[in-house]
Trainee: 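There's a structure below that I have some questions on.
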2 protein chains.
Amino acid sequence: MKPPSEKSAGRRKSRPSFEPLQSHEIELADFFVRMAGILGVPRSVAEIYALLYVSSGPLDFDHIQGRLGMSKGSVSQGLKFLRDHEMILSVKEKGARRERWQPTPSLAASLVALLRSQVLPALEQAQPSLQRVLADVQKLGAQPEVIERLSRLNRWNSRALELAPLLLPPPGA
Amino acid sequence: MKPPSEKSAGRRKSRPSFEPLQSHEIELADFFVRMAGILGVPRSVAEIYALLYVSSGPLDFDHIQGRLGMSKGSVSQGLKFLRDHEMILSVKEKGARRERWQPTPSLAASLVALLRSQVLPALEQAQPSLQRVLADVQKLGAQPEVIERLSRLNRWNSRALELAPLLLPPPGA
DNA sequence: CTGATGTTTCAATAATTTTTGAACCTACGC
DNA sequence: GCGTAGGTTCAAAAATTATTGAAACATCAG
């Protein structure tokens, strides 16, 4: 029932025991959590990013887990998310086993990648769907007003798809 | 236990019985639900908007509830949300008791209002917080790299706040 | 007023999303 | 190869968010 206390941990593996977050770290995390929330990014991911953001050097897996007090699973998934969206970089020293992480230089670029990954697929998937809907209401002889609305929606979607590569340039360009 | 069947409803109040959604209506709803999801807007709200969007005239409370098959509570809250974000208008005929709803003319303006309401408060609230964080890390003598990052974040936030009124103009301007 | 219609509120429930942790991989140094 | 540090997976639990529906409220016609 009672887990071994931090201090009396066995000899074999001196459980490092990390500092709890400092108030400025918490405050920054709150900021990132809030912003992330708008885009539907989970709290744990935002916390990891915030920690890396205020840290002087790159941090490894165990430090992140220790300082944030979250589970391995969350850290692993969070890092995966941040990696996939090109928001962090691994800095592996030669001869070292573990990876260490830091934010990519540009937060702006990171946000663009994030937006891209959310919005673009939706726009692409919508295209044929919207065209079908428009065709349907035309066939069914709907009011001109409704047809006009749906036409406009279609045009918007097309334009957004054309513009997307410019506004949200893909990583390799 | 057994509710009175649709057809055999009592004389007094001929329960109207609304048509189920047609396939093109469902498809459009899916589109709006998807897009709304990106901004964290709940499904029921998106469905209401979609229905009004493909409907020829304004719809009243009962029609919305009936055709979408959702509860009174959801319809009420959904309409409140859409009203608050200026995404729908009520068209009450004189002498009529119930309100009837239709989308505002510009979906673009609606989206702007929505974004505004999500992003602006976050930016405003963040301002003092970010400044405190920056002050703290300076006082604590952090690495120049970290200080630089946080300075940049601060500048961004300030600029975003300045620009916001231009990009996301408030309703009355 | 009064009664009925139309709408809102909100506590309870349902649905969804996030987090956890233990089992399971994987690759590297030996 | 072998053992193990380092990390991933994923089913179950916890936390959060959305929906329901019955009761309360508001407003208008009579």
Side-chain angles (χ1 to χ4, degrees), chain A residues 1 3-4 10 12-16 18 29 32-34 36-49 51 58-84 88 90-101 118, chain B residues 1 3 10-16 18 29 32-34 36-49 51 58-84 88 90-101 118:
Chain A
M1 225 93 266
R12 278 302 297 261
K13 204 177 288 190
S14 66
R15 184 91 50 78
F18 298 94
F32 278 116
V33 167
R34 217 155 199 285
I38 294 175
L39 288 171
V41 174
R43 153 177 298 268
S44 62
V45 172
E47 286 180 348
I48 293 173
Y49 188 84
L51 177 60
L59 300 185
D60 67 32
F61 196 106
D62 286 353
H63 277 257
I64 296 168
Q65 188 189 350
R67 296 222 50 215
L68 293 176
M70 62 175 62
S71 67
K72 270 182 161 225
S74 285
V75 174
S76 175
Q77 287 179 186
L79 288 176
K80 177 174 182 359
F81 180 99
L82 292 169
R83 246 185 281 127
D84 289 352
I88 57 174
S90 125
V91 183
K92 187 152 50 181
E93 276 153 42
K94 60 181 178 185
R97 191 75 178 282
R98 29 182 56 208
E99 306 211 69
R100 302 170 75 223
W101 301 96
Q118 300 232 28
Chain B
M1 226 88 269
R11 214 143 263 37
R12 280 301 298 259
K13 203 177 286 190
S14 67
R15 185 91 53 75
F18 297 94
F32 278 117
V33 167
R34 219 157 198 285
I38 293 174
L39 287 170
V41 174
R43 152 177 298 267
S44 62
V45 173
E47 286 179 350
I48 294 172
Y49 188 85
L51 178 60
L59 299 186
D60 67 30
F61 196 105
D62 286 355
H63 277 256
I64 296 168
Q65 188 190 350
R67 296 220 54 212
L68 293 175
M70 63 175 61
S71 69
K72 275 182 164 223
S74 286
V75 174
S76 176
Q77 287 178 186
L79 288 176
K80 177 171 180 9
F81 180 98
L82 292 169
R83 245 185 280 127
D84 289 351
I88 58 175
S90 125
V91 182
K92 187 152 50 178
E93 276 154 41
K94 59 181 178 184
R97 192 78 179 278
R98 29 181 54 204
E99 305 211 70
R100 303 171 71 223
W101 302 95
Q118 300 232 26

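Letters A, B, ... mirror the listed sequences (proteins, then strands); counts begin at 1. Keep in mind it's a predicted model, so treat the numbers as computed, not measured.
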Trainee: Does C/dT8 have its OP1 or OP2 closer than 4.0 Å to a side-chain nitrogen or oxygen of B/Arg83?
Mentor: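 For B/Arg83, the contact criterion (side-chain N or O under 4.0 Å from OP1 or OP2 of C/dT8) is met.
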
Trainee: Which whole-number value in Å describes the distance from B/Phe61 CZ to D/dA26 C1'?
Mentor: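 That distance rounds to 14 Å.
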
Trainee: Test of understanding: with side chain to side chain donor-acceptor pair (under 3.5 Å), list the residues that count as partners of B/Arg98, not counting sequence neighbours.
Mentor: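 Applying side chain to side chain donor-acceptor pair (under 3.5 Å) to B/Arg98 gives B/Asp60, B/Asp62.
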
Trainee: Checking B/Gln77 now: which residues fulfil side-chain contact (heavy atoms from CB on, under 4.5 Å) with it, not counting sequence neighbours?
Mentor: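 Not a single residue meets the side-chain contact (heavy atoms from CB on, under 4.5 Å) criterion with B/Gln77.
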
Trainee: What one-letter contact string describes nucleotides 22-30 of chain C from 5' to 3', where B marks a base within less than 4.0 Å of any protein heavy atom, S marks contact via sugar-phosphate atoms alone, and - marks no contact?
Mentor: -----BB--

Trainee: For a quick check of understanding: with a heavy-atom distance under 4.0 Å over all strands, which category does B/Gln77 fall into, base, sugar-phosphate or nothing?
Mentor: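 It contacts base atoms.
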
Trainee: Separation of B/Met70 atom CE from D/dT19 atom C1', in whole Å?
Mentor: 9 Å

Trainee: My understanding is that only residues two or more places apart in sequence, or in another chain, count here; which of them pass side-chain contact (heavy atoms from CB on, under 4.5 Å) with A/Val33?
Mentor: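 Scan of A/Val33 (side-chain contact (heavy atoms from CB on, under 4.5 Å), adjacent residues dropped) gives A/Arg43, A/Ala46, A/Glu47.
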
Trainee: Rounded to whole angstrom units, what separation is found between the CH2 atom of A/Trp101 and the C1' atom of D/dG7?
Mentor: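 Computing the A/Trp101:CH2 to D/dG7:C1' distance gives 11 Å.
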
Trainee: According to side-chain contact (heavy atoms from CB on, under 4.5 Å), who are the partners of A/Ser71, at least two apart in sequence or on a separate chain?
Mentor: A/Ser74

Trainee: So does A/Ser76 get a side-chain nitrogen or oxygen closer than 4.0 Å to the phosphate oxygens (OP1/OP2) of D/dG7?
Mentor: no

Trainee: Need to verify one output field. Residue with the more 5' nearest nucleotide on DNA chain D, B/Val75 or A/Asp60?
Mentor: A/Asp60

Trainee: Whole angstrom is fine here: how far is it from CD1 in A/Ile48 over to P in C/dT20?
Mentor: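 The answer, rounded to whole Å, is 10 Å.
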
Trainee: In whole Å, what is the span from the CD atom of B/Glu47 to the C1' atom of D/dA18?
Mentor: 12 Å

Trainee: By salt bridge (Lys or Arg N to Asp or Glu O under 4.0 Å), which residues pair with A/Lys72, not counting sequence neighbours?
Mentor: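 A/Lys72 satisfies salt bridge (Lys or Arg N to Asp or Glu O under 4.0 Å) with no other residue.
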
Trainee: When we call it a touch if two heavy atoms are under 4.0 Å apart, what does B/Arg100 touch: a base, just sugar-phosphate, or nothing?
Mentor: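 Since no nucleic acid heavy atom lies under 4.0 Å of B/Arg100, the category is nothing.
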
Trainee: Rounded to whole angstroms, how far apart are CD on B/Glu99 and P on D/dA26?
Mentor: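 Going from CD in B/Glu99 over to P in D/dA26 covers 16 Å.
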
Trainee: Rounded to the nearest 0.5 Å, how far apart are CD of B/Gln65 and CE of B/Met70?
Mentor: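 Those atoms lie 9.5 Å apart.
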
Trainee: Looking at residues at least two apart in the chain, or sitting in another chain, which of them share a side-chain contact (heavy atoms from CB on, under 4.5 Å) with B/Arg34?
Mentor: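 Partners of B/Arg34 by the side-chain contact (heavy atoms from CB on, under 4.5 Å) criterion, ordered by chain and then number, come out as A/Ala122, A/Gln125.
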
Trainee: Quick one: B/Asp62 CG to D/dG21 P, roughly how many Å, whole number?
Mentor: 15 Å

Trainee: A/Gln65 has an atom CD; how far is it from atom P of D/dG6, in whole Å?
Mentor: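 After rounding, the gap between these two atoms is 13 Å.
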
Trainee: Specify the residues of residues 36-45 of chain B, ordered by number, for which at least one heavy atom lies under 4.0 angstrom from an atom of DNA chain D.
Mentor: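 Result for residues 36-45 of chain B: B/Pro42, B/Arg43, B/Ser44, sorted by number.
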
Trainee: Of all residues at least two apart in sequence or in a different chain, which pass the ring pair (Phe, Tyr, Trp, His ring centres under 6.0 Å) check with B/Phe81?
Mentor: B/His85

Trainee: Give, for atom CD of A/Glu99 and atom CZ of A/Phe61, the distance between the pair rounded to the nearest 0.5 Å.
Mentor: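 CZ of A/Phe61 is found 11.0 Å from CD of A/Glu99.
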
